[in-house]
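These numbers were taken from a predicted model, which means no experiment stands behind them. Heavy-atom basis, side chains included; hydrogens, waters and symmetry copies ignored.
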Amino acid sequence: MHAPSLPPWADAQLSADLPELCAKGEGQSLEFKSNLPAQGHDISKSIAAFASSNDGLLIYGIADSGEIVGLAEASDPKERDRIQQRILHAAREVKPPVHPTLAWAIHEEKIACVVTVEKGFEAFYYATQRPIIRRGPTSRPAEPGEVEQVFRLRYASGASSISVPSTKLIGQRMHRVLELMNTNRHEPVTVVDLARAMGLAAPAELDAIFAGHQAPTFSILDQFCARFAIDKDWLTTGRGHPYTSPVEHRLLPADYLSLIDEAAPDCVYLVRSNSTIGETFIVLQKDALKIFLLPGVWHVSDHVGGFGSGQLLSLYDLFCGWLGRGRKDSPDYQLLGRLIDPKLAEAIFDGDAYPGIVEKMPLSHWWDDLTDLSHKWTTREGSQKAYGKSFIAAQDLLRAMVDKRSC
């Protein structure tokens, strides 16, 4: 069976490719319109978006679903000429100038107008005096942060220039955050979950950023990092580590008590490595998706110098303060101990592992047992068996400091 002959004004290749193009659906390089818009600025906006962002095809006569509906009366040469003039007139409204090309495609007697737009050399192209960009299936005005980002990248020079984040690499790092968050999690967190937690109206926007198809605005970057306690420098440049504490460092553990109370977390995890050094840190769980580290590591062992022993005593005071609170002034948050593998502890306090991984780990009473310096409820042998010789050494050191302080 021979393919139907095409009129001389129809493009044979585009006509053959039209069903396949429609099957792809709208996206970064394809936009469908069932009819020619009534307003010329709607045409110029679509053209400017492709010129700013990437090569693209704007096809009139295709429904949003990808169905070929055809342009009414387009078989009439006068109507085709009118359509062509309207599109070219709208293109002249785009600044700086652009030069799209028009062609006609026919499928089963339905006629579509295909407008090819090449990405321009300028940073942005404007319609109705606004910079327009293409993000996924949407053509929209660029936000101020996006304009700043593009111009910084375009005109940056020299070693002192500010590094502008790569869309693709940011998407990859966001995927890394999601992978870390889902470590040992029974019900994996999804991109939609993250978008909802951020309060985004359209989760598809975050999904496009994850896929590397859409550049994140500075507002989205700030919001993502603040909501999930992610280090912004790492997310944008790759320098450093994914998780760096979002709170200011304080010299002594007890100095964090007011900060913890003000943060009103759901849970506070008191984490100790079961190494001989006994590296110890505190993790705050604000909610199911925001879990972060306090910026301090202390040694619950005798591996301390003069200042380290003072930190150990401050940690002891913090624990005693929690245990000594009455019902009326007891914290609203849970206090849960964790005793973990040294390598995992190092990864967490280095910022390379998700602090929330401690949530599903076995409960340990090491922190309240530490305050039992006289072994009223725990035997010395039992504590040594459970926590190691370095733990007993820490208790001996604490007992000496407490006795000296009481004199």
Worksheet entry | Trp322 versus Tyr333, side-chain donor and acceptor atoms under 3.5 Å | yes
Worksheet item: Within the side chain of Arg185, is there an N or O that forms a donor-acceptor pair under 3.5 Å with the backbone of Met181?
Response: yes
Worksheet item: Which heavy-atom pair separates Leu318 from Pro253 by the least distance, and what is that distance?
Response: CD2-O, 3.8 Å
Discussion item. For the backbone of Gly310 and the side chain of Ser314, can you confirm whether one donor and one acceptor N or O come within less than 3.5 Å of each other?
Written reply: no
Worksheet item: So, for Ser52 and Ile132, which heavy atoms are closest and what is the spacing to 0.1 Å?
Response: OG-O, 2.8 Å
Fill in: Check: Gly278 main-chain N/O paired with Ser273 side-chain donor or acceptor under 3.5 Å
no
Discussion item. For a quick check under 3.5 Å, do Tyr269 and Glu359 share a side-chain donor-acceptor pair by atom type?
Written reply: no
Worksheet entry | Side-chain (Ser53) to main-chain (Arg134) donor-acceptor, under 3.5 angstrom | yes
Fill in: CG on Leu178 to CE on Met174, rounded to 0.5 Å
11.0 Å
Practice prompt. For the pair Phe292 and Lys290, evaluate side chain to side chain contact (heavy atoms under 4.5 Å, CB included) and give the outcome as yes or no after the intermediate values.
Written response: CA-CA 7 Å; Phe292 59 93; Lys290 185 170 184 178; 4.2 Å; yes
Worksheet entry | Candidate pair Arg173 and Asp231, rule salt bridge (Lys or Arg N to Asp or Glu O under 4.0 Å), full reasoning | CA-CA 11 Å; Arg173 293 184 195 117; Asp231 185 74; over 6 Å; no
Worksheet item: For the rings on Trp298 and Tyr316, is their centre-to-centre separation under 6.0 Å?
Response: no
Practice prompt. Using distance alone, with no hydrogens and no angle criterion, decide if Gln223 and Ser219 have a side-chain donor and acceptor under 3.5 Å apart.
Written response: no
Practice prompt. Report yes if the side chains of Leu398 and Thr371 come closer than 4.5 Å at any heavy-atom pair, otherwise no.
Written response: no
Practice prompt. Determine whether more than 12 heavy atoms belonging to other residues, nucleotides or ligands lie under 6.0 Å from atom NE2 of His375.
Written response: yes
Worksheet item: Are the charged groups of Lys343 and Glu346 less than 4.0 angstrom apart, N to O?
Response: no
Item to complete: Start with the C-alpha gap between Arg140 and Arg135, add the side-chain angles, then the distance that decides, and say whether side chain to side chain contact (heavy atoms under 4.5 Å, CB included) holds.
Response: CA-CA 8 Å; Arg140 61 169 175 80; Arg135 292 294 181 258; 3.6 Å; yes
Practice prompt. Give, for atom NZ of Lys45 and atom CD of Glu31, the distance between the pair rounded to the nearest 0.5 Å.
Written response: 8.5 Å
Item to complete: Quick one: do Glu279 and Ser275 satisfy side chain to side chain donor-acceptor pair (under 3.5 Å)? Show the steps, please.
Response: CA-CA 7 Å; Glu279 298 93 337; Ser275 72; 2.6 Å; yes
Worksheet item: So, Thr237 side chain and Arg239 main chain: donor-acceptor pair closer than 3.5 Å or not?
Response: yes
Item to complete: Any chance you could measure Leu370, atom CG, to Leu312, atom CG, to the nearest 0.5 Å?
Response: 6.5 Å
Practice prompt. I would like to know whether Leu315 and Leu313 meet side chain to side chain contact (heavy atoms under 4.5 Å, CB included); could you show each step before the answer?
Written response: CA-CA 5 Å; Leu315 191 67; Leu313 182 60; over 6 Å; no
Worksheet item: Salt bridge or not for Asp396 and Arg399, using N-O below 4.0 Å?
Response: yes
Worksheet item: Does any N or O in the side chain of His299 come within less than 3.5 Å of the main-chain N or O of Ile277, such that one atom is a donor and the other an acceptor?
Response: no
Discussion item. Please check this pair: side chain of Tyr256 against backbone of Arg250, looking for a donor-acceptor N/O pair closer than 3.5 Å.
Written reply: yes
Worksheet item: Any chance the side chains of Asp372 and Thr378 put a donor and an acceptor closer than 3.5 Å?
Response: yes
Worksheet item: Distance-only, no hydrogens or angles: does the Ser301 side chain make a donor-acceptor pair with backbone N or O of Ser390 under 3.5 Å?
Response: no
Discussion item. Checking Val115 against Ile87 for the side chain to side chain contact (heavy atoms under 4.5 Å, CB included) test, could you report, in this order, the C-alpha distance in whole Å, the side-chain angles of both residues, the deciding distance, and whether it holds?
Written reply: CA-CA 9 Å; Val115 183; Ile87 293 173; 3.9 Å; yes
Item to complete: Spell out, as yes or no, whether a donor-acceptor pair under 3.5 Å connects the side chain of Asn182 to the backbone of Val189.
Response: yes
Worksheet item: How about Tyr387 and Trp366: are their ring centroids closer than 6.0 Å?
Response: no
Discussion item. Please check this pair: side chain of Gln28 against backbone of Gly136, looking for a donor-acceptor N/O pair closer than 3.5 Å.
Written reply: yes
Worksheet item: Atom CG of Leu88 and atom CZ of Arg86: how far apart are they, to the nearest 0.5 Å?
Response: 12.0 Å
Worksheet entry | Whether over 12 other heavy atoms sit under 6.0 Å from Gln84 CD | yes
Item to complete: Count the heavy atoms belonging to other residues, nucleotides or ligands that lie under 6.0 Å from CD of Glu79, then report whether that count exceeds 12.
Response: yes
Worksheet item: When you look at CD of Gln172, are more than 12 heavy atoms from neighbouring residues, nucleotides or ligands closer to it than 6.0 Å?
Response: yes
Discussion item. Any heavy-atom pair between the side chains of Tyr60 and Val114 that's under 4.5 Å?
Written reply: no
Worksheet item: Out of Phe228, Phe281, Tyr354, Trp234, which residue meets the ring pair (Phe, Tyr, Trp, His ring centres under 6.0 Å) rule with Tyr243?
Response: Tyr354
